[in-house]
Amino acid sequence: MAPIFVAHVARRFVALLSLAVAPCCAARAQSARPAVRMLRAENLASARARLKAGDSSLAPAYARLLDEARAALTLGPWAVTDKKAIAPSGDKHDYMSFGPYWWPDTTKPNGLPYIRRDGQVNPGSRGAESNSPSFQRMAATASTLALAYYFSSDETYARRAALLLRTWFIAPETRMNPNLRYGQAIPGVTDGRGIGLIDTRELSSIADAVGLLKPSSSWMASDDRAMHEWAREFMRWMRTSPQGQEESKATNNHGSWYDVQLVALAYFVGDSALAEETLRTSTAHRIEQQILPDGRQPRELERTRSLSYSEFNIEALTRLAELARFTTVDLWHHTAPAGGGIGAALRYLAPYTDTTRAWAGEQITRADPLELLAPLRRAERTLQDSSLHVALERIRVDVRSTHRSRLLYPTAP
C-alpha cells in the first residue's frame, strides 16, 4: 500500500473514530456478544476492539463501511407492494419475479412462450414488475447499516436498518407474504418455480443483521417477535410447498443456497436440531455430489458463466461450513470417499484471483475475482492452506484492505 494512501487513511480513521461512535449508546451496544451465526461473533468483537484501540490496518475497510452506511441512510425503504404488477393470486403482498435468462421468442407474434439464453440477463426481468431488485437492495442495505451500527454504536444506522426490515417483513400495509410461489416466473410457461428461492438467498445475511440490531433501542421486542414468526412461516413454506421441495432437490448451486437459507433461518428461530440435521445429511451430501476430487464443480461447469457459477456455489458452501461450526459436523474437511470437498474446490479456483490467468471453461461475461475474497478469507485460517493465502495476496492490497470481509475475518490477509 502506498505511503500516501496509508497516511490519508490513518488521518481519516482518527476522524471517523471521533465522529462515528455515539457515546450515549456505545456501552449498551458493546456490552453484548452479537447474536450472529453465519458471521463469527468473536471475529466481530476482535475487529471492533482493534478499531477502538486505533488499529490502522482495519481503517480502510471501516472507512468504506461507514461511507456506504451514510449513503444508505437515504435509500429505501422498499416494499414487496411497490411493484407495478400484482401476482396471479391477486394479492399485492405476494412476491413476484421473473427468470433472468428467459427472453421473448422473436419467432412468435406475442413472444410467448419465452425461451432460455443461459447467462444472458433479460433487462425486463429486473424491471418495475419484479420484486427481485428491491429485495436484493433491501437485504444489502440492511446488512450494511447493521454492521455500521455494530462497529460504530451509532443509533442512526440501526434506526434506518430497522425501518427497512420493518417495511419489508412486518408492517401490515407493506409486508411480504412468507412464500415465493411466484418467484422466477417464465411468461408463457409458468407463474413460478422452485428456482425462485435463489432470489432470497440473502435471508441468511438478514438473520445476522437482526442479531446485530438486538442491542438497539430502534429494534423493539415486537419487531423481533414478528421477524421470527415470519421466518418460521417462510421455513414452513420452504419445506412443504411444491416449489420449496423442488428446490431442495437441486443438485447445483440452487440446492446449496436452499440449504444456506434453511439452516440460517433454523438457527435464527431456535431450531438447532433442524439446522444440524440439514448440515449433517443434505449439505454433506451436496459437497460429495458437487465437487470432484480435483476440485471441479461439474454442475457449475455446464453453465455459460462457469467460473462465476463455480465461485457462486463455493460462496454458498463456505457459508454452510461456517454455520456448521455450531455442530459436530466439520464441513470444511468433509469429502467424498474419492476426495474433493470445499478445500479442493477452493484450491481449484484460487489461481483465478490472478486476473491475467485464462479460464478453460465457458465464461461469456467478465468474472470478478472479488467473488472469491470472502470464501478465501473464511477458509484461510481453518484450512491452513498456503495456496489459499497466496491467492488472497494476489488480489490488489488496496482492494483487499477496503473490502468489508477485512472486518469480518480480521486475521486473514
Side-chain angles (χ1 to χ4, degrees), residues 34-44 135 139 142-143 146 169 178-180 183 194-212 224 227-241 243-291 297 312-335 341-342 345 374-375 378-379 382 408-409:
V36 294
R37 289 284 184 163
M38 192 172 66
L39 299 177
R40 293 194 173 219
E42 65 274 19
N43 283 4
L44 295 174
F135 181 88
S143 295
F169 295 103
N179 72 77
L180 289 175
I195 280 176
L197 267 156
I198 204 76
D199 288 5
T200 53
R201 60 190 177 274
E202 290 303 337
L203 283 171
S204 56
S205 299
I206 287 173
D208 273 2
V210 172
L212 292 171
D224 213 53
M227 193 73 201
H228 281 74
E229 182 57 31
W230 191 97
R232 277 188 286 269
E233 284 298 307
F234 187 78
M235 286 171 56
R236 183 195 62 76
W237 180 86
M238 285 182 70
R239 301 179 69 199
T240 61
S241 68
Q243 294 82 8
Q245 291 177 350
E246 174 191 338
E247 189 75 338
S248 72
K249 297 172 184 173
T251 57
N252 64 352
N253 67 83
H254 279 270
S256 303
W257 284 106
Y258 177 94
D259 281 4
V260 170
Q261 292 182 72
L262 185 60
V263 172
L265 292 177
Y267 275 131
F268 180 65
V269 303
D271 193 346
S272 56
L274 173 60
E276 179 160 0
E277 178 63 19
T278 302
L279 293 162
R280 186 179 301 281
T281 56
S282 176
T283 305
H285 179 65
R286 294 190 197 284
I287 291 170
E288 297 168 10
Q289 182 185 54
Q290 292 180 2
I291 304 172
Q297 301 173 64
F312 187 52
N313 191 47
I314 207 64
E315 168 70 26
L317 293 178
T318 56
R319 289 191 189 195
L320 287 161
E322 287 290 87
L323 286 164
R325 72 187 186 276
F326 297 99
T327 72
T328 58
V329 183
D330 180 4
L331 292 181
W332 282 114
H333 297 94
H334 184 80
T335 67
I342 290 173
R378 290 186 193 111
T382 302
L408 308 182
Y409 309 99

*Please, which pairs that meet salt bridge (charged side-chain N to carboxylate O under 4.0 Å, His left out) have at least one residue in residues 243-270, sequence neighbours excluded?*
D259-R286

_For V36, all residues meeting side chain to side chain contact (heavy atoms under 4.5 Å, CB included), sequence neighbours excluded_ = P34, L39, A41, L44, D208, L212

*What is the minimum heavy-atom distance between L279 and V329, and which atoms define it?*
O-CG1, 4.3 Å

*Can you list the residues that meet the side chain to side chain contact (heavy atoms under 4.5 Å, CB included) rule with S205, with sequence neighbours excluded?*
M38, S143, E202, R319

*Could you tell me which residues satisfy side-chain hydrogen bond (donor to acceptor under 3.5 Å, both in side chains) with Q290, sequence neighbours excluded, listed by chain and number?*
S256, N313

_Side-chain heavy-atom pair L408, N43 within 4.5 angstrom cut-off_ = no

_For the OG atom of S282 and the CD atom of Q289, what is their distance to the nearest 0.5 Å?_
9.0 Å

*Non-neighbouring partners of Y267 that pass ring-ring contact (aromatic ring centres under 6.0 Å, His included), sequence neighbours left out*: F326

*Under a 4.5 Å cut-off applied to non-hydrogen side-chain atoms, are F169 and V210 in contact?*
no

*Flag the pair L180 / Q243 as yes when at least one side-chain heavy-atom distance between them is below 4.5 Å, and no otherwise.*
no

*Any chance you could lay out the side-chain contact (heavy atoms from CB on, under 4.5 Å) test for V269 and F234, step after step, and finish with the verdict?*
CA-CA 11 Å; V269 303; F234 187 78; over 6 Å; no

*Would you confirm whether Y258, through its side chain, and M238, through its main-chain N or O, come within 3.5 Å as a donor-acceptor pair?*
yes

*Applying salt bridge (charged side-chain N to carboxylate O under 4.0 Å, His left out), name anything that partners R201, two or more places apart in sequence or on another chain.*
none

*By salt bridge (charged side-chain N to carboxylate O under 4.0 Å, His left out) - contacts of D330 (at least two apart)*: none

*In chain order, what residues pass the side chain to side chain contact (heavy atoms under 4.5 Å, CB included) check against A207, with sequence neighbours excluded?*
F268

*asked:* Among residues at least two apart in sequence or on other chains, which ones pass salt bridge (charged side-chain N to carboxylate O under 4.0 Å, His left out) with E229?
replied: R232

*Does any non-hydrogen side-chain atom of L197 lie less than 4.5 Å from one of W237?*
yes

*Do L262 and R239 have side-chain heavy atoms sitting under 4.5 Å apart?*
yes

*Begin with the C-alpha distance, continue with both residues' side-chain angles, and end with the deciding distance and a verdict on side-chain contact (heavy atoms from CB on, under 4.5 Å) for I206 and M227.*
CA-CA 10 Å; I206 287 173; M227 193 73 201; 3.8 Å; yes

*In Å, rounded to the nearest 0.5 Å, how long is the span from CZ of R37 to OG of S204?*
14.0 Å

*For W332, ring-ring contact (aromatic ring centres under 6.0 Å, His included) partners two or more places apart*: none

*Partner set under side chain to side chain contact (heavy atoms under 4.5 Å, CB included) for E288, not counting sequence neighbours*: H285, H334, A336

*asked:* Just verifying a value: how many Å separate L317 CG and F312 CZ, rounded to the nearest 0.5 Å?
replied: 11.0 Å

_How long is the straight-line distance from CG of L320 back to CG of L331, given to the nearest 0.5 Å?_
7.0 Å

*asked:* For the CZ atom of F135 and the CG atom of L203, what is their distance to the nearest 0.5 Å?
replied: 4.0 Å

*Non-neighbouring partners of R280 that pass salt bridge (charged side-chain N to carboxylate O under 4.0 Å, His left out), sequence neighbours left out*: E276

*Please report the C-alpha distance between T335 and I287 in whole Å, then the side-chain angles of each, then the deciding distance to 0.1 Å, and finally whether the side-chain contact (heavy atoms from CB on, under 4.5 Å) criterion is met.*
CA-CA 7 Å; T335 67; I287 291 170; over 6 Å; no

*Which atoms form the tightest heavy-atom contact between I314 and A345, and what is the distance?*
CD1-CB, 3.5 Å

*Quick one: CG on D271 to CE on M235, what's the gap to the nearest 0.5 Å?*
5.5 Å

